[in-house]
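Note sheet for the following structure.
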Amino acid sequence: MKYIIRFKSALLFLGLIVGLQSSAIAQNTISGTITDADGQPLAGATVVEQSTTNGVVADFDGNYSIVVADSNAVLTFSFVGFVTQDIPVGARTTINVSLQADQNVLDEVVVIGYGKQKKSSLTGAVSIIDVGETEKSQYTNITDRLQGRAAGVTVVANGEPGSIGDIRIRGSAFFDDNNPLYVVDGVILSGAPTINPNDVENIQILKDASSAAIYGSRAGNGVIVITTKKGQKGKLRVSANVTTGFQQIAEKLDVTNAEGWARIVRAAFDSPNASGLQPAHAFNLPGIDTDWQSEVFRTATLQDFNANVSGGGDRFTVLFGVNHTYQDGTVPGPKFDRSGIRLNSSFEVIKNRLTVGQNVAFNRVRLSGGAEEDNAAAAGLAVPTAIDALPVIPVFDPTKISGYGHGDTNNLSFMVNPIGFAALYKNTTETHNILGNVYADLTIFDGLNYHFSLGIERGTSYNKLFNPRNQIRRTTLVGSALSVADSEDQTTYIEHRLTYEKTFGKHTFSLMGAFNDLEETSFGTSISFDNSLNAFEAGLFEVSAATPQGTGIPTVGSSRSTVATHSLLSRFTYDYDDRYLLKASVRRDSYSVFLGENRDGVFPSFDLGWNVHNEAFFNVDAISQLKLRAAYGEVGNNDAGGNPYIGTTGISQGAGGPNYNLGPTGTAASGATRDSALGNPDLTWARVSEYNFGVDLEMFNGKLAFEGNYYFGEVENLLADVPVPASAGIGFGSTIRLNAVTNERKGWETALTFRKLEGDFTYSISANAFATETSVKSVPAGFTGIVGSSITSVGSPRARLFVWDYQGLYTAEDIAALPAGFTVGEFEPIVGDAKYRDVNGDNIIDQNDRVAVGNTLPTVNFGLNLTAAYKNWDFTAFFSGLFGRDVLNGPIQGLHADIASNYPANYDPYINGVGTYPRPQTAGDHGNYAASTLYVEDGSFVKLRNLQIGYTVPWKDVDNLRLFISGQNLFTWTDFTSIEPEFEGGFFTAGEADLGYPVVRSIALGLNVSL
C-alpha cells in the first residue's frame, strides 16, 4: 500500500511539471455509485467536474468520491459504450447514476478524409475498426493487426521480424504497388506507417472510390485513415502494457531422411535417360543424417512495452508515451528492435476560437539479418533452405574452409548453409523516423472554420553489410566484401482548409475547400567492395580500414529525386431531416512526374443516402436503422516509377567499338550509340471508376447490425511495361512503359454483428465475408497473357493456372498404344512416366498443350471475432481465412523435381514397378514433374489468428489491473500440403505458391495497468 501511495505522489509531481494541475480549493464532497441500467457496477467509469481538471475514476464496485469547489459544480459521468450524463451538484452530497448503454451510436463522429462526419450520415463504403479488439493481438505493426477485421480487406504477412504486411482493399487492381494510401493525423504518408500500433486511437478504412476520391491520385488502392491517441481533460492518468512471450514457426514440412533420399536418387540414376554426375554419397552414405529444419527452426523471444502519461486542463490536453519492441527471429539471423516516443498536445489559445497543437512520434528501428552471399541469397533464405537441404550434408564440416557443410561433387546441392550464413554474413540497418504535424484550428465566425497543418515524415537509414572470406555453398571461394549505404527520405505536407457548416430547420449542409502541397524527396549514397578485400576480422570493420586486393576497386553511387503534387479539393454534404443524404466531392491533382496536360488529373465523386427508418411511414419497432446508399467515384494511381517520360542514351562498348542493335534479334553492330531506355511523354494516370451500392441495418436497439456492399467498375489506363524490338535502337529485351491495360472489377462484402452488453455475462459475435473478381478487358500489343504457369486473357478472370493436364502414370499397355514418334518434350515416354493430355492432338506434349484450370481468386474471404466477458474474466477468439482458391503447389513440385534437394516424406515415386508419383528424374526434359494439374490443390484455409483470456484484478488502489495470456496463429486448418497456405502471389500469378517465411505461432503473457 505504501509504495502505491508513493508512486501516485510521484505521478502527481510529474503532472505538475507538465502543467496538469488539480483544483487547489475544494469545499464539497460528493460520493455515490455508478451502475448500468441493470444495476451492475461500472468499474472504471469517470467523474469529472466540468471546466476543471478535477476528476476521479469509479472503483471495482462502481463507487466514487470527488471533492468539488461549490454547489454550482456540474459533474460529467462517462463510460465507454454508454451515454454520457451531466448532473448539477446543487445541495446534494450523494449522487447515484445509472448510465444507459449507447446501443445505436448512430451519432458517433467518424474521421474521414479532411474532416469528420456522423456515422449515420455516411454514404460510402467505410469500415470502422474496433481498435480495442486489435490491441488484443500481439502483432508488432498496425497492418497485421487489421487482418480479417473488415469486409473487403485482406492482409498478407509473414513471420520475418519487423516485416510489414501487405494490405489489399478489394483485391489487387494494379500490376505493381497495390498497397493503400495511409493518412496519420491528417498527414499523407509515402508508405506503410512505422508507428507503434498501441498509439492508435481509431482507424477508418475508405474502401470504395467515392469515399477515397477526396484523396484523388493516390487513392486507387483505398485509404486507411489513422488517428493517434490524445490526452483527455481531467486528472493525470498513467497506463502501461507489458507483454513477453515466444514465437515458433507453426508447421514443419516432413521430408525424407538420408536413407530415404539416397533410395530415390539411386533410382533416378538407374532409370533410362538419366544424365549428369552421379553423387557418390547417394550410394555410399558417410553416416550423416541431418534434420535441417530442427537445426534451423528455433524458439524466438518477443517483448513489447508501452506506457502513456496523459491528462489536461480546461484549455489544454497532453499525452506522452514511450514504447519498445524486440522480436527475435525464428531462424538464425533476423532480429527486430524498435523504440519510440510520442508527444501529442493541444492548447486553446483563444477560448472557443483558436486551438493549436501538434502530434509527433519518433522511432528508432534496428533490423538485423543475413547479407547477400554472391548475389544469390537473401535474409529469409533459411526457411526454404532448411526444407530442401540434403540430409547427407552436415551442419558443420571441419574439412571445409568455412567450417560449415555445403554441397560438392559428391553432394550435388547448391544450397547455402543457413547456419553458416547467419554466423558469417552480417547485415544491419538502422533507421530513424519522425512523423508528425503542427496544426491550428480557427473559428472565423459561427460555422466557418479554418484549419492549417504542416506535416512531415522523415526517415534516415544506415545500412552495413559484411562478409569474410569463406565458402558456404558449392561455388568458387567468396572473397571478403563490405558495403555501406546512407539514405534520407522526406515527405513535407502543407494543408490549408476552410469548412462552412450550417443548420437551419431540417436542412444541414457543409462546404469544404482545401489546398494541399506535397513534396517527396529522397537522397542516397553507397560504397561497396565486392569480394575484393583482404580477409579481416568480423566485428570491427569500417570503410577506412578496407584495403582492396589486387585490382579490386570500390563501387560508389548516389541518387537524388524530388516529386511534387499540388492539389485543390472541395466537398459538399447535405442532410435533410436526417432522412435524405447527399455528398459530392472533386479533387484536382498536379503531379510532377507526368508532362504537360497529362500532369493534371480530376477525380470526382457523388453519393446519395436514404435513412428509411426516419420516414413517417416506417413503423417497424425492431429496426432502429435502415439506410440505403448509392455512390460513384473516381480515384487514381500515380505509381509511374522514377521518371519514365525521359529517354536516355548510352554507349554499349563492344570489341569493335560502340554497339548498335539491328534486326528483331538485336544483333549488335559496331560503330554507333543506342538508347539505354525509351521514355514516354504521353504517360498519364491509371484510374479506377467505381459504383457502390450499400445497405446498413440495425435491429433490436443495436444488438444486431448488418452492413452490405456491392460494387463494380473499371480500372483504366494501367501502366504496363511493353516489349520494344531491338531494331528500335535499344538493347535487346527492353521495354517501354505505356497506359495499355483496362480491367473490370466487381465484388461484394458483408459484415454482421450481434452483441449482448447487459448483465454479468456479455458477448459479441462479429463476422465478415467478401469476394472480388477481376477480369481483363484489354492488354498491350505483344502481351501473350502467359506469365509463369498462369494465363490472363481478355474477358476471363485473371491469373488462371496454365498447366499440363495430368492423366496418371504410363503403363506398359499405354506405351504400346502410343503412335510412333509420340514424345513428351524431347523424350519418348516409358513405363512410370507422367501421362499428360495431348490437347491439340499432334502427338507431341509441349507448351501448346497447356490448359487453363481453376480459379486462383478466392470465392470468399472471411473473418470471425468472438468476445465474451463474465464479471472479471474476458475472452477473445479471432478466426480468418478463405475458401475456393485453386493453388499451384510450386514448393512441392520443386522438391519432387530436383535431385539437388530433399523430398517430401510422403513422396512415393514409381520405383521397381511400385509408386503413385512419376518415376524420379535427374533432368526435367521428359517432363515428369512439370507444372501440371498434379500439383493443383485446394488452397482454402482457416486460421485461429488470436486467442486471449484475461482477468481484471479487483484492486481499489489501481484504476485497472488486467492480466492476460494470448496466442497468435495457434492452428491452421487446410488441405494444402506445403508449409504455408497464405500467400499473395503476383497480379498475373496470383495462384502460384512460393516457399517464403511463413507466419509464426506465438504465446505471450501480458499486463495492462492504469493509475
Open item on the list: The test is side-chain contact (heavy atoms from CB on, under 4.5 Å); show your working for Asp304 and Asn198 and say whether it passes.
Closed with: CA-CA 10 Å; Asp304 190 49; Asn198 291 284; 3.6 Å; yes
TODO: Please assess Gln85 against Leu99 for the test side-chain contact (heavy atoms from CB on, under 4.5 Å), listing each intermediate value before the final yes or no.
DONE: CA-CA 7 Å; Gln85 290 190 35; Leu99 297 180; 3.8 Å; yes
Task: side chain to side chain donor-acceptor pair (under 3.5 Å) assessment of Asn306 paired with Asn308 - done: CA-CA 7 Å; Asn306 300 271; Asn308 289 330; over 6 Å; no
- [ ] Apply side-chain contact (heavy atoms from CB on, under 4.5 Å) to the pair Asn363 and Asn323, showing each step before the final yes or no.
- [x] CA-CA 9 Å; Asn363 287 300; Asn323 66 85; 4.3 Å; yes
TODO: Could you walk me through whether Lys207 and Glu749 pass the side-chain contact (heavy atoms from CB on, under 4.5 Å) test, one step at a time?
DONE: CA-CA 11 Å; Lys207 298 184 293 186; Glu749 53 198 30; 2.9 Å; yes
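No side-chain donor-acceptor contact under 3.5 Å links Asn960 and Arg962. Inspection of the Tyr182 and Thr143 side chains reveals no N or O donor paired with an N or O acceptor under 3.5 Å. Side chains of Ser163 and Asn158: a donor on one and an acceptor on the other come within 3.5 Å. For the residue pair Thr753 / Ser766, a side-chain donor-acceptor distance below 3.5 Å is found, with atom types taken as modelled. Judged by distance alone, the side chains of Thr317 and Gln232 never bring a donor and an acceptor atom under 3.5 Å apart. Side-chain atoms of Thr952 and Asn872 include no donor-acceptor pair closer than 3.5 Å. Of the N and O atoms on the side chains of Asn179 and Arg168, at least one donor lies less than 3.5 Å from an acceptor on the other residue. A donor atom on one side chain and an acceptor atom on the other are not found under 3.5 Å apart for Gln948 and Thr876. A side-chain N or O of Thr299 and one of Gln248 form a donor-acceptor pair less than 3.5 Å apart. Side chains of Asp185 and Thr228: a donor on one and an acceptor on the other come within 3.5 Å. Side-chain atoms of Asn202 and Thr227 include a donor-acceptor pair closer than 3.5 Å.
Between the side chain of Asp337 and the backbone N or O of Tyr326 there is no donor-acceptor pair closer than 3.5 Å. Although no hydrogens or angles enter the test, the distance criterion places a donor-acceptor pair under 3.5 Å between the side chain of Thr974 and the main chain of Ser940. A donor-acceptor contact shorter than 3.5 Å is absent between the side chain of Glu698 and the backbone of Gln625. In this structure a side-chain-to-backbone donor-acceptor pair under 3.5 Å is missing from Gln968 to Ser1002. Between the side chain of Lys230 and the backbone N or O of Asn344 there is no donor-acceptor pair closer than 3.5 Å. No donor-acceptor pair under 3.5 Å is formed between the side chain of Asn865 and the backbone N or O of Arg149.
Here the shortest heavy-atom pairing between Leu146 and Ile224 reads CD1-CD1, 4.0 Å. Shown here for Val958 and Ser1010, the closest heavy-atom pair between the two residues is CG1-O, 3.2 Å. The nearest pair of heavy atoms linking Lys252 to Ser294 is NZ-OG, 3.2 Å. Closest heavy-atom contact between Ser211 and Val126: OG-CG2, 3.6 Å. The two residues Ala300 and Gly329 have their closest heavy-atom pair at CB-O, 3.2 Å. The minimum heavy-atom distance linking Leu864 with Ala767 is given by the pair CD1-CB, 3.9 Å.
Atom CD1 of Ile765 and atom CZ of Arg755 lie 12.0 Å apart (nearest 0.5 Å).
Ion pair Glu982/Arg945 flagged as a salt bridge, since at least one NZ, NE, NH1 or NH2 atom sits closer than 4.0 Å to an Asp/Glu carboxylate oxygen. A salt bridge does not link Arg237 with Asp959: every distance from a Lys NZ or Arg NE/NH1/NH2 to an Asp or Glu carboxylate oxygen is 4.0 Å or more. The residues Glu135 and Arg145 are annotated as not salt-bridged, no charged nitrogen and carboxylate oxygen being separated by less than 4.0 angstrom.
Partner Val184 forms a side chain to side chain contact (heavy atoms under 4.5 Å, CB included) with one of Val225, Val200, Asn359, Leu189 and no other, that one being Leu189. Checking Leu882, Leu970, Thr972 one by one against Lys943, the side chain to side chain contact (heavy atoms under 4.5 Å, CB included) holds for a single residue, Thr972.
Gln50 places a side-chain heavy atom less than 4.5 Å from the side chain of Asp86. Between Tyr997 and Pro161 there is a side-chain heavy-atom pair separated by less than 4.5 Å. In this structure, the side chains of Ser65 and Thr29 come closer than 4.5 Å at one or more pairs of heavy atoms. No side-chain heavy atom of Pro197 sits less than 4.5 Å from a side-chain heavy atom of Thr134.
Annotation: salt bridge (Lys or Arg N to Asp or Glu O under 4.0 Å) contacts of Asp696 (sequence neighbours excluded): Lys627, Arg629. For Phe862, the ring pair (Phe, Tyr, Trp, His ring centres under 6.0 Å) partners are Phe883, not counting sequence neighbours.
A cation-pi arrangement is absent between Arg885 and Phe976 under the rule of less than 6.0 angstrom and at most 45 degrees off the ring axis.
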